[in-house]
Amino acid sequence: MPERTAIRRVLVVDDSRLQRRILAASLKKFGYDISEAGTGAEALELCKAMSPDLIISDWIMPGMNGLEFCREFRRLPREAYGYFILLTSKSDKSDIASGLDAGADDFLTKPVNSDELRARIAAGDRILRMERELNEKNRLIQSTLEELQSVYDALDKDLQEARHLQQSLVSERYRDLGPAEVSLILRSSGHVGGDLVGTYPINGQRIGLYGIDVSGHGISSALMTARLAGYLSPSHEQNIAMRKTDTGLFVPRPPSETISDLNQLILNELETEHYFTLLLADVDLSSGHVVFAQAGHPCPALQKANGQVEMKGSGGLPVGLIDGANYEDTEFTMSAGDRLMIHSDGVTECADPEGRILDDGGLSKILRSLHQTKGVSCLESLIWRMSEYAGDQKFSDDVSAILLEFKTG
(Lines give C-alpha, C1' and ligand atoms only; values in the text may rest on other atoms or scores of the structure.)
Protein backbone atom coordinates (compact mmCIF):
# COMPACT_ATOMS: atom_id res chain seq x y z
CA MET A 1 0.00 0.00 0.00
CA PRO A 2 1.46 3.44 -0.87
CA GLU A 3 2.70 5.33 2.18
CA ARG A 4 0.48 8.35 1.60
CA THR A 5 -2.65 6.42 0.64
CA ALA A 6 -5.95 7.73 2.00
CA ILE A 7 -7.72 4.40 1.58
CA ARG A 8 -6.91 1.75 4.19
CA ARG A 9 -10.20 0.23 5.32
CA VAL A 10 -12.37 -1.25 2.56
CA LEU A 11 -15.87 -2.66 2.97
CA VAL A 12 -17.10 -5.15 0.33
CA VAL A 13 -20.89 -5.53 0.19
CA ASP A 14 -22.51 -8.27 -1.91
CA ASP A 15 -25.15 -10.90 -1.27
CA SER A 16 -22.94 -13.38 -3.15
CA ARG A 17 -20.29 -14.88 -0.86
CA LEU A 18 -18.26 -15.98 -3.87
CA GLN A 19 -18.26 -12.48 -5.35
CA ARG A 20 -17.19 -11.02 -2.00
CA ARG A 21 -14.29 -13.48 -1.72
CA ILE A 22 -13.10 -12.76 -5.26
CA LEU A 23 -13.08 -9.02 -4.58
CA ALA A 24 -11.56 -9.41 -1.11
CA ALA A 25 -8.72 -11.57 -2.51
CA SER A 26 -7.81 -8.88 -5.07
CA LEU A 27 -8.03 -6.11 -2.50
CA LYS A 28 -5.85 -7.95 0.03
CA LYS A 29 -3.13 -8.19 -2.64
CA PHE A 30 -3.27 -4.41 -2.86
CA GLY A 31 -2.64 -4.22 0.90
CA TYR A 32 -6.03 -3.02 2.20
CA ASP A 33 -7.85 -4.04 5.39
CA ILE A 34 -11.01 -5.79 4.22
CA SER A 35 -14.39 -6.18 5.84
CA GLU A 36 -17.37 -7.96 4.30
CA ALA A 37 -21.15 -7.69 4.51
CA GLY A 38 -23.86 -9.78 2.81
CA THR A 39 -26.68 -7.23 3.04
CA GLY A 40 -27.16 -3.50 2.97
CA ALA A 41 -28.47 -3.47 6.55
CA GLU A 42 -25.42 -5.42 7.81
CA ALA A 43 -23.10 -3.10 5.88
CA LEU A 44 -24.77 -0.04 7.41
CA GLU A 45 -24.06 -1.32 10.93
CA LEU A 46 -20.43 -2.01 10.01
CA CYS A 47 -20.13 1.55 8.64
CA LYS A 48 -21.32 2.92 11.97
CA ALA A 49 -18.74 0.82 13.82
CA MET A 50 -15.60 1.04 11.66
CA SER A 51 -16.05 4.00 9.26
CA PRO A 52 -14.55 2.53 6.05
CA ASP A 53 -12.57 4.71 3.65
CA LEU A 54 -13.90 2.87 0.60
CA ILE A 55 -17.09 0.89 -0.01
CA ILE A 56 -17.54 -1.44 -2.97
CA SER A 57 -21.18 -2.47 -3.06
CA ASP A 58 -23.29 -4.52 -5.41
CA TRP A 59 -26.28 -2.69 -6.86
CA ILE A 60 -28.78 -5.55 -6.91
CA MET A 61 -29.25 -7.10 -3.47
CA PRO A 62 -32.33 -8.43 -1.65
CA GLY A 63 -33.85 -6.16 0.97
CA MET A 64 -31.85 -2.93 0.96
CA ASN A 65 -30.31 -2.60 -2.49
CA GLY A 66 -27.08 -0.79 -3.32
CA LEU A 67 -28.74 2.56 -4.08
CA GLU A 68 -30.72 2.53 -0.82
CA PHE A 69 -27.63 1.54 1.15
CA CYS A 70 -25.63 4.35 -0.51
CA ARG A 71 -28.28 6.91 0.45
CA GLU A 72 -28.29 5.71 4.09
CA PHE A 73 -24.49 5.67 4.15
CA ARG A 74 -24.37 9.33 3.04
CA ARG A 75 -26.68 10.26 5.93
CA LEU A 76 -24.24 8.88 8.53
CA PRO A 77 -22.15 11.44 10.45
CA ARG A 78 -18.49 11.12 9.47
CA GLU A 79 -15.32 13.11 10.07
CA ALA A 80 -13.96 12.30 6.61
CA TYR A 81 -15.48 11.52 3.26
CA GLY A 82 -16.07 7.87 2.30
CA TYR A 83 -15.63 6.84 -1.33
CA PHE A 84 -18.43 4.68 -2.76
CA ILE A 85 -18.16 2.41 -5.83
CA LEU A 86 -21.24 0.59 -7.14
CA LEU A 87 -20.91 -2.80 -8.80
CA THR A 88 -23.40 -3.09 -11.62
CA SER A 89 -24.24 -4.76 -14.87
CA LYS A 90 -26.33 -1.69 -15.80
CA SER A 91 -25.06 0.62 -18.49
CA ASP A 92 -28.08 2.79 -19.19
CA LYS A 93 -27.36 6.51 -18.67
CA SER A 94 -30.48 6.99 -16.55
CA ASP A 95 -29.31 4.18 -14.24
CA ILE A 96 -25.89 5.79 -13.93
CA ALA A 97 -27.58 9.12 -13.13
CA SER A 98 -29.67 7.43 -10.43
CA GLY A 99 -26.52 6.03 -8.88
CA LEU A 100 -24.80 9.43 -8.84
CA ASP A 101 -27.91 11.04 -7.37
CA ALA A 102 -27.87 8.43 -4.59
CA GLY A 103 -24.31 9.45 -3.68
CA ALA A 104 -22.14 6.98 -5.57
CA ASP A 105 -18.74 8.24 -6.71
CA ASP A 106 -17.87 5.62 -9.35
CA PHE A 107 -19.06 2.41 -11.01
CA LEU A 108 -17.51 -0.99 -11.83
CA THR A 109 -19.03 -3.35 -14.32
CA LYS A 110 -19.34 -6.99 -13.35
CA PRO A 111 -17.41 -9.17 -13.73
CA VAL A 112 -14.73 -6.97 -12.19
CA ASN A 113 -11.39 -6.69 -13.92
CA SER A 114 -8.49 -6.55 -11.42
CA ASP A 115 -6.59 -3.82 -13.29
CA GLU A 116 -9.71 -1.69 -13.67
CA LEU A 117 -10.49 -2.20 -9.96
CA ARG A 118 -7.04 -0.99 -9.00
CA ALA A 119 -7.30 2.02 -11.32
CA ARG A 120 -10.74 2.99 -9.92
CA ILE A 121 -9.45 2.71 -6.36
CA ALA A 122 -6.39 4.80 -7.24
CA ALA A 123 -8.67 7.51 -8.62
CA GLY A 124 -10.73 7.42 -5.43
CA ASP A 125 -7.59 7.54 -3.33
CA ARG A 126 -6.44 10.72 -5.08
CA ILE A 127 -9.81 12.34 -4.37
CA LEU A 128 -9.76 11.31 -0.72
CA ARG A 129 -6.18 12.53 -0.28
CA MET A 130 -7.10 15.93 -1.68
CA GLU A 131 -10.21 16.07 0.51
CA ARG A 132 -8.28 15.18 3.65
CA GLU A 133 -5.44 17.54 2.86
CA LEU A 134 -8.03 20.27 2.37
CA ASN A 135 -9.69 19.34 5.66
CA GLU A 136 -6.34 19.44 7.41
CA LYS A 137 -5.59 22.84 5.95
CA ASN A 138 -9.05 24.02 6.96
CA ARG A 139 -8.46 22.73 10.50
CA LEU A 140 -5.12 24.54 10.56
CA ILE A 141 -6.77 27.74 9.30
CA GLN A 142 -9.56 27.38 11.86
CA SER A 143 -7.04 26.80 14.63
CA THR A 144 -5.02 29.81 13.48
CA LEU A 145 -8.17 31.94 13.30
CA GLU A 146 -9.13 30.88 16.83
CA GLU A 147 -5.65 31.80 18.06
CA LEU A 148 -5.82 35.12 16.24
CA GLN A 149 -9.27 35.77 17.68
CA SER A 150 -7.92 35.05 21.14
CA VAL A 151 -5.03 37.46 20.54
CA TYR A 152 -7.41 40.05 19.09
CA ASP A 153 -9.76 39.73 22.07
CA ALA A 154 -6.83 40.22 24.45
CA LEU A 155 -5.59 43.22 22.44
CA ASP A 156 -9.09 44.65 22.25
CA LYS A 157 -9.43 44.34 26.01
CA ASP A 158 -6.06 46.05 26.49
CA LEU A 159 -7.01 48.79 24.02
CA GLN A 160 -10.31 49.37 25.81
CA GLU A 161 -8.38 49.76 29.05
CA ALA A 162 -5.87 52.05 27.30
CA ARG A 163 -8.79 54.14 26.05
CA HIS A 164 -10.10 54.54 29.60
CA LEU A 165 -6.62 55.43 30.82
CA GLN A 166 -6.15 58.00 28.05
CA GLN A 167 -9.53 59.52 28.77
CA SER A 168 -8.52 59.74 32.43
CA LEU A 169 -5.71 62.13 31.39
CA VAL A 170 -8.52 64.62 30.80
CA SER A 171 -9.46 64.42 34.46
CA GLU A 172 -11.95 67.28 34.56
CA ARG A 173 -14.38 67.92 31.70
CA TYR A 174 -15.56 71.13 33.32
CA ARG A 175 -14.11 73.55 35.85
CA ASP A 176 -15.46 76.76 37.29
CA LEU A 177 -12.46 79.08 37.59
CA GLY A 178 -14.34 82.01 39.10
CA PRO A 179 -14.13 84.70 36.41
CA ALA A 180 -14.24 82.02 33.70
CA GLU A 181 -15.24 78.43 33.00
CA VAL A 182 -13.27 75.82 31.09
CA SER A 183 -14.65 72.73 29.31
CA LEU A 184 -12.75 69.94 27.55
CA ILE A 185 -13.60 67.17 25.10
CA LEU A 186 -11.54 64.29 23.66
CA ARG A 187 -12.80 61.82 21.04
CA SER A 188 -10.38 59.31 19.51
CA SER A 189 -11.06 57.98 16.01
CA GLY A 190 -9.92 54.54 17.20
CA HIS A 191 -9.50 52.90 20.57
CA VAL A 192 -6.76 55.34 21.47
CA GLY A 193 -5.35 58.34 19.66
CA GLY A 194 -2.75 61.07 19.56
CA ASP A 195 -4.84 64.03 20.76
CA LEU A 196 -4.77 65.49 24.24
CA VAL A 197 -6.10 68.63 25.86
CA GLY A 198 -5.49 69.83 29.36
CA THR A 199 -5.01 72.61 31.87
CA TYR A 200 -2.60 73.32 34.69
CA PRO A 201 -2.59 76.00 37.40
CA ILE A 202 -0.01 78.78 37.21
CA ASN A 203 -1.11 80.73 40.27
CA GLY A 204 -4.36 81.84 41.86
CA GLN A 205 -5.21 84.14 38.92
CA ARG A 206 -3.56 82.42 35.97
CA ILE A 207 -4.06 79.13 34.22
CA GLY A 208 -2.23 77.25 31.47
CA LEU A 209 -4.10 75.61 28.59
CA TYR A 210 -2.72 73.22 25.99
CA GLY A 211 -3.85 71.21 22.98
CA ILE A 212 -1.62 68.45 21.58
CA ASP A 213 -1.95 66.39 18.40
CA VAL A 214 0.69 63.69 17.92
CA SER A 215 1.28 62.41 14.38
CA GLY A 216 -0.32 59.09 13.53
CA HIS A 217 -2.89 57.13 15.46
CA GLY A 218 -2.97 54.20 17.82
CA ILE A 219 -0.89 52.98 20.72
CA SER A 220 2.45 54.66 19.95
CA SER A 221 0.75 58.04 19.49
CA ALA A 222 -1.22 57.55 22.70
CA LEU A 223 1.97 56.70 24.63
CA MET A 224 3.55 59.88 23.28
CA THR A 225 0.60 61.99 24.49
CA ALA A 226 0.91 60.42 27.93
CA ARG A 227 4.60 61.34 27.99
CA LEU A 228 3.84 64.91 26.93
CA ALA A 229 1.11 65.22 29.57
CA GLY A 230 3.84 64.64 32.13
CA TYR A 231 5.82 67.60 30.78
CA LEU A 232 2.76 69.82 31.31
CA SER A 233 1.82 68.40 34.67
CA PRO A 234 -0.24 70.30 37.27
CA SER A 235 2.81 69.83 39.51
CA HIS A 236 5.04 72.90 39.07
CA GLU A 237 8.18 70.90 39.77
CA GLN A 238 7.53 68.61 36.81
CA ASN A 239 5.99 71.16 34.44
CA ILE A 240 8.37 72.31 31.71
CA ALA A 241 6.27 75.49 31.26
CA MET A 242 7.24 76.67 34.77
CA ARG A 243 10.61 77.69 36.19
CA LYS A 244 11.82 78.04 39.72
CA THR A 245 13.20 81.42 40.81
CA ASP A 246 16.09 82.00 43.20
CA THR A 247 13.55 82.63 45.95
CA GLY A 248 12.01 79.17 45.41
CA LEU A 249 8.84 80.42 43.72
CA PHE A 250 7.58 78.97 40.45
CA VAL A 251 6.77 81.41 37.64
CA PRO A 252 5.53 80.74 34.09
CA ARG A 253 7.86 80.77 31.13
CA PRO A 254 6.75 82.40 27.87
CA PRO A 255 4.86 79.77 25.83
CA SER A 256 7.19 80.25 22.84
CA GLU A 257 10.24 79.55 25.03
CA THR A 258 8.62 76.44 26.49
CA ILE A 259 7.82 75.08 23.02
CA SER A 260 11.37 75.80 21.79
CA ASP A 261 12.87 73.84 24.69
CA LEU A 262 10.36 71.05 24.19
CA ASN A 263 11.35 70.87 20.52
CA GLN A 264 15.01 70.40 21.44
CA LEU A 265 14.10 67.89 24.11
CA ILE A 266 12.14 65.77 21.65
CA LEU A 267 14.88 65.91 19.00
CA ASN A 268 17.80 65.31 21.35
CA GLU A 269 16.53 62.98 24.03
CA LEU A 270 13.48 61.05 22.83
CA GLU A 271 14.08 58.37 20.24
CA THR A 272 10.83 58.67 18.33
CA GLU A 273 9.68 59.20 14.77
CA HIS A 274 6.62 61.04 16.01
CA TYR A 275 6.22 64.79 15.85
CA PHE A 276 3.30 66.75 17.18
CA THR A 277 1.47 70.03 16.97
CA LEU A 278 0.94 72.06 20.11
CA LEU A 279 -0.83 75.15 21.25
CA LEU A 280 0.22 76.44 24.67
CA ALA A 281 -1.58 79.36 26.31
CA ASP A 282 -1.13 81.39 29.50
CA VAL A 283 -4.40 83.04 30.57
CA ASP A 284 -4.71 85.77 33.21
CA LEU A 285 -8.21 85.25 34.59
CA SER A 286 -8.28 88.61 36.36
CA SER A 287 -7.53 90.72 33.27
CA GLY A 288 -8.48 88.40 30.40
CA HIS A 289 -4.98 88.73 28.96
CA VAL A 290 -3.95 85.68 26.87
CA VAL A 291 -0.44 84.81 25.67
CA PHE A 292 -0.11 81.75 23.46
CA ALA A 293 2.29 80.13 21.03
CA GLN A 294 1.51 77.73 18.19
CA ALA A 295 3.57 74.83 16.92
CA GLY A 296 1.66 73.77 13.82
CA HIS A 297 -1.62 73.57 15.74
CA PRO A 298 -4.76 75.11 14.19
CA CYS A 299 -5.44 78.75 14.97
CA PRO A 300 -7.65 79.04 18.04
CA ALA A 301 -11.10 80.56 17.60
CA LEU A 302 -11.93 83.66 19.65
CA GLN A 303 -15.67 84.25 19.79
CA LYS A 304 -16.64 87.69 21.01
CA ALA A 305 -19.63 88.35 23.23
CA ASN A 306 -21.59 89.50 20.17
CA GLY A 307 -21.07 86.10 18.47
CA GLN A 308 -18.45 87.13 15.91
CA VAL A 309 -15.52 84.72 15.49
CA GLU A 310 -11.85 85.56 14.86
CA MET A 311 -9.03 83.12 14.23
CA LYS A 312 -5.88 84.03 16.14
CA GLY A 313 -2.24 83.22 15.49
CA SER A 314 -0.25 82.23 12.40
CA GLY A 315 0.62 78.56 12.75
CA GLY A 316 4.30 77.78 13.36
CA LEU A 317 6.28 74.57 12.88
CA PRO A 318 5.33 71.30 14.59
CA VAL A 319 7.48 70.10 17.48
CA GLY A 320 10.08 67.44 16.72
CA LEU A 321 10.71 68.20 13.04
CA ILE A 322 13.40 70.88 12.75
CA ASP A 323 16.33 71.51 15.05
CA GLY A 324 16.41 75.09 16.36
CA ALA A 325 12.88 75.96 15.19
CA ASN A 326 11.65 79.35 16.41
CA TYR A 327 8.22 80.04 17.89
CA GLU A 328 6.40 83.31 18.52
CA ASP A 329 4.02 84.48 21.19
CA THR A 330 0.68 85.99 20.27
CA GLU A 331 -1.23 88.19 22.72
CA PHE A 332 -4.79 89.47 23.00
CA THR A 333 -7.27 90.32 25.71
CA MET A 334 -10.64 88.70 26.31
CA SER A 335 -13.62 90.53 27.75
CA ALA A 336 -16.70 89.44 29.64
CA GLY A 337 -18.81 87.12 27.48
CA ASP A 338 -15.91 86.22 25.17
CA ARG A 339 -14.81 82.63 24.71
CA LEU A 340 -11.76 80.92 23.27
CA MET A 341 -11.68 77.48 21.64
CA ILE A 342 -8.42 75.57 21.21
CA HIS A 343 -9.02 72.61 18.90
CA SER A 344 -7.14 69.94 16.95
CA ASP A 345 -7.18 69.70 13.16
CA GLY A 346 -9.65 66.81 13.50
CA VAL A 347 -12.25 69.60 13.82
CA THR A 348 -11.36 71.86 10.90
CA GLU A 349 -10.33 68.95 8.63
CA CYS A 350 -13.61 67.08 9.14
CA ALA A 351 -14.73 66.18 5.59
CA ASP A 352 -18.16 65.78 4.04
CA PRO A 353 -18.96 62.80 1.74
CA GLU A 354 -17.55 64.75 -1.24
CA GLY A 355 -14.26 65.36 0.56
CA ARG A 356 -14.78 69.08 1.30
CA ILE A 357 -13.30 69.97 4.67
CA LEU A 358 -15.04 72.07 7.29
CA ASP A 359 -12.10 74.52 7.55
CA ASP A 360 -12.03 77.70 9.67
CA GLY A 361 -15.04 79.14 7.86
CA GLY A 362 -17.22 76.14 8.64
CA LEU A 363 -16.11 76.10 12.27
CA SER A 364 -16.88 79.81 12.62
CA LYS A 365 -20.36 79.22 11.22
CA ILE A 366 -20.99 76.41 13.73
CA LEU A 367 -19.75 78.50 16.65
CA ARG A 368 -21.99 81.39 15.64
CA SER A 369 -24.97 79.04 15.55
CA LEU A 370 -24.02 77.74 19.02
CA HIS A 371 -23.44 81.19 20.46
CA GLN A 372 -26.01 80.66 23.22
CA THR A 373 -24.89 77.09 23.98
CA LYS A 374 -22.33 76.99 26.77
CA GLY A 375 -19.68 74.72 28.27
CA VAL A 376 -19.58 70.98 27.64
CA SER A 377 -22.96 71.22 25.87
CA CYS A 378 -21.38 73.50 23.28
CA LEU A 379 -18.54 71.02 22.64
CA GLU A 380 -20.94 68.08 22.44
CA SER A 381 -23.11 70.06 20.02
CA LEU A 382 -20.00 70.81 17.95
CA ILE A 383 -19.33 67.05 17.64
CA TRP A 384 -22.95 66.50 16.63
CA ARG A 385 -22.74 69.22 13.95
CA MET A 386 -19.51 67.68 12.66
CA SER A 387 -21.21 64.28 12.45
CA GLU A 388 -24.00 65.87 10.43
CA TYR A 389 -21.43 67.46 8.12
CA ALA A 390 -19.54 64.19 7.64
CA GLY A 391 -22.74 62.29 6.79
CA ASP A 392 -22.41 58.53 7.28
CA GLN A 393 -18.63 58.71 7.45
CA LYS A 394 -16.77 58.17 10.68
CA PHE A 395 -14.27 60.79 11.75
CA SER A 396 -10.92 59.91 10.19
CA ASP A 397 -8.96 61.80 12.84
CA ASP A 398 -9.05 62.34 16.58
CA VAL A 399 -11.06 65.31 17.79
CA SER A 400 -10.18 67.39 20.84
CA ALA A 401 -10.99 70.88 22.10
CA ILE A 402 -10.86 73.23 25.08
CA LEU A 403 -13.46 75.94 25.52
CA LEU A 404 -12.56 78.82 27.85
CA GLU A 405 -15.53 81.11 28.53
CA PHE A 406 -15.37 84.37 30.45
CA LYS A 407 -18.50 85.05 32.42
CA THR A 408 -20.67 88.04 31.62
CA GLY A 409 -20.88 89.33 35.16
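- A donor atom on one side chain and an acceptor atom on the other are not found under 3.5 Å apart for Asn138 and Gln142.
- Side-chain contact, Arg385 with Ser369: a donor N or O sits under 3.5 Å from an acceptor N or O.
- For the residue pair Gln303/Asp338, the side-chain donor-acceptor check at 3.5 Å is not satisfied.
- For the residue pair Tyr81 / Arg74, a side-chain donor-acceptor distance below 3.5 Å is found, with atom types taken as modelled.
- Checked against the 6.0 Å centroid criterion, the rings of Tyr231 and Tyr210 do not qualify as a close aromatic pair.
- Atom CD of Glu388 has more than 12 heavy atoms from other residues, nucleotides or ligands within 6.0 Å.
- Checking Arg9 against Ser51 by side-chain atom types alone, no donor-acceptor pair falls below 3.5 Å.
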Could you please spell out the steps behind the side-chain hydrogen bond (donor to acceptor under 3.5 Å, both in side chains) verdict for Ser233 and Ser235? CA-CA 5 Å; Ser233 166; Ser235 170; 4.7 Å; no
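- Side-chain contact check for Asp195 and Ser344: at least one donor-acceptor pair (N or O, by modelled atom type) lies under 3.5 Å.
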Working note: Ser256 + Asp329, criterion side-chain hydrogen bond (donor to acceptor under 3.5 Å, both in side chains); need CA distance, chi angles, decisive distance, verdict. CA-CA 6 Å; Ser256 59; Asp329 290 319; 2.9 Å; yes
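- Under the 3.5 Å distance criterion, the side-chain polar atoms of Glu181 are left unmatched by any main-chain donor or acceptor of Leu404.
- Annotation: Asp101, atom CG; neighbour count of heavy atoms from other residues, nucleotides and ligands within 6.0 Å is above 12.
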